[in-house]
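Values reported hereafter were calculated over all heavy atoms of this structure, with side chains retained and with hydrogens, waters and symmetry mates removed. Numbering of ligands and ligand atoms starts at 1, following listing order.
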Amino acid sequence: MNKFFLNLGNQPLANNYLKSYKQNQIRYNLRLFFNTSNKMVSISKRIPSEKMFTNNYPYRSSMSKTMRNSFYKLSLEIKNKFNFDKILEIGSNDGALITNFKKNEVIGVEPCDNLAKITSNKGYLTYNKYWNYELAKKLKKKHGKIDLIYSANTLTHISNLKNVFKSINYLLSDKGVLIIEDPSLLECIKKNSYDQFYNEHIYLFSAISVKNLLSNFDLEIFDLKNLPTHGGSLRFYIKRKANKDLKISNRLNKQIQNEIKFGLDKFTTYKQFSINVIKSKIKLLKILNQIVKTKKTIIGYGATAKAVTILNYCDINNDLIPFFTDTTPDKINNYMPGKKIKIIKYKKNILRKFDYAFLGAWNFKKEIISKEKEFIKKGGKFITHVPKPKIF
Ligand code: TMP
């Protein structure tokens, strides 16, 4: 049974950065649910994929050094640890992972035309398609079974998870390995980072819920890693149940024990989370209002999809944060979805004109702090809402 625990209000589509704030845009009610039987946390509203993953999708995985490094490290690990003839990436974005491999070793699947073009123009075979059973059938006919399937921050964006895993199950070779990574529910609840929820993040995975999900297929988790990316992610290593060559690591049980200890299997945990989120909103608004009252200025740093949830849930407008700055070309000069807050191009020293920077990209805090030493030296301060709203 799906039980409701939090309403994050009326929200626009998170990656829908518009040229004019007056443009009409889809809105939906962002409500969160916990499934008491399979322990999956999800949002209730399902926006059709074609409306979210358009031909000018702005998010680019290669935009941050942190993500480029993370993908590079993983490519080394794959090369060292696993035998593969071909690697398939579901949701290859702008090629942050696949471009670390030889062109004949990788196949990308990417539904957003503008992103698929980036990798196909570089000579990487990229299917400009949504991941589903029809595509899996087509790929099997053309390339045979695949030894290594990888997907980061994509599977949780697809409503029909049964179809997702049925298609993977169909295509993965007998000794094949599936590696998936997505934000960790445990980290989200611990950090009170409710901005992990928006229309694209339909599910937030835990080891408990992924284990339950895979029990419907000939697949099981054999290893797991906690990663610092995206504010705390889980990387699952998955194999066929019959493949006994790969041993099940005790990291899986450890993670499940931690999740149980934290109460991820209990509805009361999510009720408490919803109370913490309301408190976080009140505190953040208090901090922003106090700053503006003293005639100091705030800029948003990192026009993330996550920040869209915060701005719209807390109803933060341009009287509090007049601008956001970002490095992503397709976001620059557009408006934060749902708000009259313009995104301006990131330039060195852009922060000089502001007293405070609100960390929309709090998940890149380390990278940003080291980049903005000058701002800090001159007395500039950051604001974050994670794990609690504060100035630092
Ligand atoms: P994400 O949190 O969804 O990965 O998005 C991060 C956004 O933050 C992306 O639009 C790029 C932007 N960004 C900057 O503008 N400057 C930076 O230094 C970093 C690390 C990210």
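- Checked by atom type, the side-chain pair Ser280/Asn276 shows no donor-acceptor distance below 3.5 Å.
- Between Phe236 and Phe222, the ring centre distance reaches or exceeds 6.0 Å.
- The proximity of Tyr346 to ligand 1, defined as any non-hydrogen pair under 4.0 Å, does not occur for either the backbone or the side chain.
- Taking 4.0 Å as the cut-off, Lys65 does not count as a neighbour of ligand 1 on heavy-atom distance.
- Under a 4.0 Å criterion applied to the non-hydrogen atoms of Ile368, ligand 1 contributes the atoms 18 (O).
- Across Lys239, Lys241, Arg240, a single residue satisfies salt bridge (charged side-chain N to carboxylate O under 4.0 Å, His left out) together with Glu220, and that is Lys239.
- Close contacts of ligand 1 with Thr328, meaning ligand atoms under 4.0 Å from a residue heavy atom, involve 9 (C), 10 (O), 11 (C).
- Between Glu110 and Asn128, the side chains place no donor N or O within less than 3.5 Å of an acceptor N or O (distance only, hydrogens not considered).
- If you number the atoms of ligand 1 from 1 as listed, the ones under 4.0 Å from a heavy atom of His230 come out as 4 (O).
- Within ligand 1, the atoms closer than 4.0 Å to a non-hydrogen atom of Lys371 are 16 (N), 17 (C), 18 (O), numbered from 1 in the order shown.
- No side-chain N or O of Ser92 forms a donor-acceptor pair with one of Thr119 less than 3.5 Å apart.
- Using modelled atom types and a 3.5 Å distance limit, the side chains of Glu200 and Tyr57 yield a donor-acceptor pair.
- The N/O atoms of Thr325, backbone and side chain alike, include none that comes under 3.5 Å of an N/O atom in ligand 1.
- Side chain to side chain, Asn317 and Lys340 fail the donor-acceptor criterion of an N or O pair below 3.5 Å.
- Heavy-atom contacts of Gly302 reach the following atoms of ligand 1: 8 (O) (cutoff under 4.0 Å).
- Among protein heavy atoms, the minimum distance from atom 4 (O) of ligand 1 is reached at Tyr59 OH, 3.0 Å.
- Regarding atom 7 (C) of ligand 1, its nearest protein heavy-atom neighbour is Thr304 CG2, 3.6 Å.
- Counting the atoms of ligand 1 from 1 in the order shown, those under 4.0 Å from a heavy atom of Ala361 are 8 (O).
- Among all protein heavy atoms, the one lying closest to atom 15 (O) of ligand 1 is Thr327 N, 3.0 Å.
- Of the candidates Lys331, Arg60, Lys306, Met63, Lys331 brings a heavy atom nearest to atom 10 (O) of ligand 1.
- One side chain, Glu372 or Tyr301, offers a donor N or O that lies under 3.5 Å from an acceptor on the other.
- Scanning the protein for heavy atoms near atom 21 (C) of ligand 1, the closest one is Phe364 CD1, 4.1 Å.
- Using modelled atom types and a 3.5 Å distance limit, the side chains of Ser37 and Asn35 yield a donor-acceptor pair.
- Between Asp326 and ligand 1, an N or O atom pair is found at a separation short of 3.5 Å.
- Remark: of the listed residues Tyr270, Tyr194, Phe33, Tyr270 is the sole one forming a ring-ring contact (aromatic ring centres under 6.0 Å, His included) with Phe5.
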